[in-house]
Every structure is written in C-alpha cells, then in structure tokens.
Protein chains: 2
Amino acid sequence: MNFDQLADTLKALSDPTRLKIIALLQIRDCCVCELVPLFEISQPAVSKHMSRLKNADLVKESRKGMWVFYSLNRDRLNEIGISLTNLPDLSEELRQLEQQGLLVQCD
Amino acid sequence: MNFDQLADTLKALSDPTRLKIIALLQIRDCCVCELVPLFEISQPAVSKHMSRLKNADLVKESRKGMWVFYSLNRDRLNEIGISLTNLPDLSEELRQLEQQGLLVQCD
DNA sequence: CAACATTATAACCATATGGTTATAATGTTT
DNA sequence: AAACATTATAACCATATGGTTATAATGTTG
C-alpha cells in the first residue's frame, strides 16, 4: 500500500465517533438507527460517518428490510496493519440499548 | 487509550508526507534540512509536520549544533497498535540524497 | 394507496488542515 | 561583530472535515 492510500484509510479511522463505531462493530453488526442513540449527533451525521467508513472499505453494508446493517471488514483492518483490539469495551452500552428496546430484531 | 486520544494520534499519522517521514525515520534519524529536498514543499511546511508528529509523541527531537534531529518513538507506535513495517522502502531516496551531499554529518 | 420508518443526500456553516511567504530565533563561522 | 545556516513561528489562504436542518429515496404496514 502506498503512502496516499494508507493516509486516506487512516484518515477514515481518525475520528472518535468512527473509532467508537468500529469498536461497536467488533461486538455486533449494527444498523444506523441503533447507532444514532449512542451518539449525541444527528442521524444524517451517523449516515455520513458510515459512508466514510464504507468508502475506505473498512465496513460492508447489507440491507435487511428497511434497515441497512453494517459489518466490520476485518480483512481490511489486518491489511493496513492496525490492531484495534485494545479499544474500550462497549458491551455495556449495547446492553443498555437492548434494555431500552432499541436493538433491531430482523432475522 | 480512549477514543479521542487515539483519534488524535491517528490524525497525526493520516497524511502522506508524515507517513513518508515516519518511513524515513525507520531507516535513520533525520534533521529538517535533510527532509526538505525529499518533498516538494517548503522548509516551514516540513517544520510544521515535525511539530505535529512531536505533539503526538510519535517522534523525539534532539539538537546537535545548528541541526535538530528527529527520531522515531517506536514505543509510542507499539502503544497504539499500528505496525508501519510495510511502508514502501525509502533507502534508495536516502542513498541519492547522500550522493548529492545532502546528508548531514555531525558526530 | 396512505402513513410511517429508516437511510441517504443536499445545502449550508464553523473550524481544522496543509500549504504559502516573511521573519524571528538559535547556533556557527569568519 | 557580521554574515551565514538551520529551524520555528506568524499571518494568511484554499480546501477538507464534521456538524446542522430540510428533504428525497426506499421499504413496510395499516
């Protein structure tokens, strides 16, 4: 990977919101409406963050009904040689979402 | 490391010029006047890049006479879990600099 | 079909970023 | 001391970034 490509990919990771999204996707695939209540930003802002991650090939999307679920592209992370395994654990946040009935069941 | 700190550090790495500087420092400590002819940007621009890397604790500086030499903070790179060992090899660029008499001898 | 739910896009705004030139600060050499 | 070499800082500029609100696009449900 050349310097420009790697810089672009790192830039896509260089944002606290996107890093937190990555940390969440390490636990579980998520759709946009699940992510929104975890951040104090608007739905379009979350949507734009997902676009940024998708353009950098860091996540994959798949539509399920009216939801768009995003999953981590772990191969890509390995490719760029960054181990994001030491990110803060967000399991508790997801558990709270579930309690509030904000996790989507679609299978 | 929390999300904000990691994002700041990754942002310091998310630039092709700074990645190339990191690649050079993996081979050899360098001073600003050695780096300038390797890039098509001004001396102040290189100086600002070094400030950015130093603020992120990714490099250390040490003055030797009128030169300021920068070295890689490898511990820091390990800390953030990024392996930049697959960057393009710039040994040839440094060899050409040496031929042009642009490498500083100060010991 | 109509109303609703979810996601994406458009237009806009304030701040950050990466460059420039000019100049100051620091150290060396004559 | 004066001239030179190296590096950092200041002031500025164009573009990128990350947010907003409004609205379009897509799919579901009554």
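Below, chains carry the letters A, B, ... as their sequence lines are ordered, and counting in each starts from 1.
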Seminar exercise, completed: Here the residues of residues 16-28 of chain B within 4.0 Å heavy-atom distance, strictly under, of DNA chain D are none
Exercise. Is there a path from B:Phe69 to B:Leu97 through hydrophobic residues (I, L, V, M, F, W, Y) whose side chains come within less than 4.5 Å of each other?
Worked result: no
Problem set entry | All salt bridge (Lys or Arg N to Asp or Glu O under 4.0 Å) counterparts of A:Glu79, not counting sequence neighbours | A:Arg76
Exercise. In dot-bracket notation, what is the pairing pattern of DNA chain D, taking Watson-Crick (N1-N3 plus N6-O4 or O6-N4) and G-U wobble (N1-O2 and O6-N3) contacts under 3.5 Å, with [ ] crossing and | for other strands?
Worked result: ||||||||||||||||||||||||||||||
Problem set entry | Lys/Arg-Asp/Glu bridge criterion (N-O < 4.0 Å) met for A:Arg95, A:Glu92 | yes
Exercise. If we only count heavy atoms from C-beta on, is the B:Arg52 to B:Arg18 side-chain gap below 4.5 Å?
Worked result: yes
Exercise. Side chains of A:Leu90 and A:Glu93: does their closest heavy-atom pair fall under 4.5 Å?
Worked result: yes
For this session: Indicate yes or no: at least one non-hydrogen side-chain atom of A:Met1 is less than 4.5 angstrom from one of B:Asn86.
Result: no
Problem set entry | Pairwise side-chain contact, B:Leu84 with B:Leu13, heavy-atom cut-off 4.5 Å (strictly under) | yes
Problem set entry | Reported CG-to-CG distance for the pair B:Asp75 and B:Leu58, which is rounded to 0.5 angstrom | 11.5 Å
Exercise. Do B:Tyr70 and B:Asp29 have side-chain heavy atoms sitting under 4.5 Å apart?
Worked result: no
Exercise. So which of residues 49-57 of chain B are in contact with DNA chain C, with a heavy-atom cut-off of under 4.0 Å?
Worked result: B:His49, B:Arg52
For this session: State, with a plain yes or no, whether a side-chain heavy atom of B:Arg28 is found less than 4.5 Å away from one of B:Leu103.
Result: yes
Exercise. If you look at every strand shown and take non-hydrogen atoms under 4.0 Å, does B:Lys11 touch a base, only sugar-phosphate, or nothing?
Worked result: sugar-phosphate
Problem set entry | Sugar-phosphate only, base, or nothing, as touched by A:Tyr70 at under 4.0 Å among non-hydrogen atoms | sugar-phosphate
Exercise. Rounded to the nearest 0.5 Å, how far apart are NZ of A:Lys60 and CG of A:Leu25?
Worked result: 12.0 Å
Problem set entry | side-chain contact (heavy atoms from CB on, under 4.5 Å) evaluation trace for B:Ile80 with B:Thr9 | CA-CA 8 Å; B:Ile80 63 173; B:Thr9 307; 3.8 Å; yes
For this session: Residues of residues 32-46 of chain B with any non-hydrogen atom less than 4.0 angstrom from an atom of DNA chain D: list those, numerically ordered, please.
Result: B:Val32, B:Cys33, B:Gln43, B:Pro44
Problem set entry | Terminal contacting nucleotides, 5' and 3', DNA chain D versus chain B (heavy atom, 4.0 Å) | D:dT6 to D:dT9
Exercise. When you match A:Arg63 and B:Arg63 each to their closest nucleotide on DNA chain D, which lands nearer the 5' end?
Worked result: B:Arg63
Exercise. Any side-chain heavy atom of A:Asp15 sitting closer than 4.5 Å to one from A:His49?
Worked result: yes
For this session: Apply side-chain contact (heavy atoms from CB on, under 4.5 Å) to the pair B:Leu35 and B:Cys30, showing each step before the final yes or no.
Result: CA-CA 7 Å; B:Leu35 295 172; B:Cys30 294; 3.9 Å; yes
Exercise. Within a strict 4.5 Å, meaning less than it, do heavy atoms of the A:Leu6 and A:Asn2 side chains meet?
Worked result: no
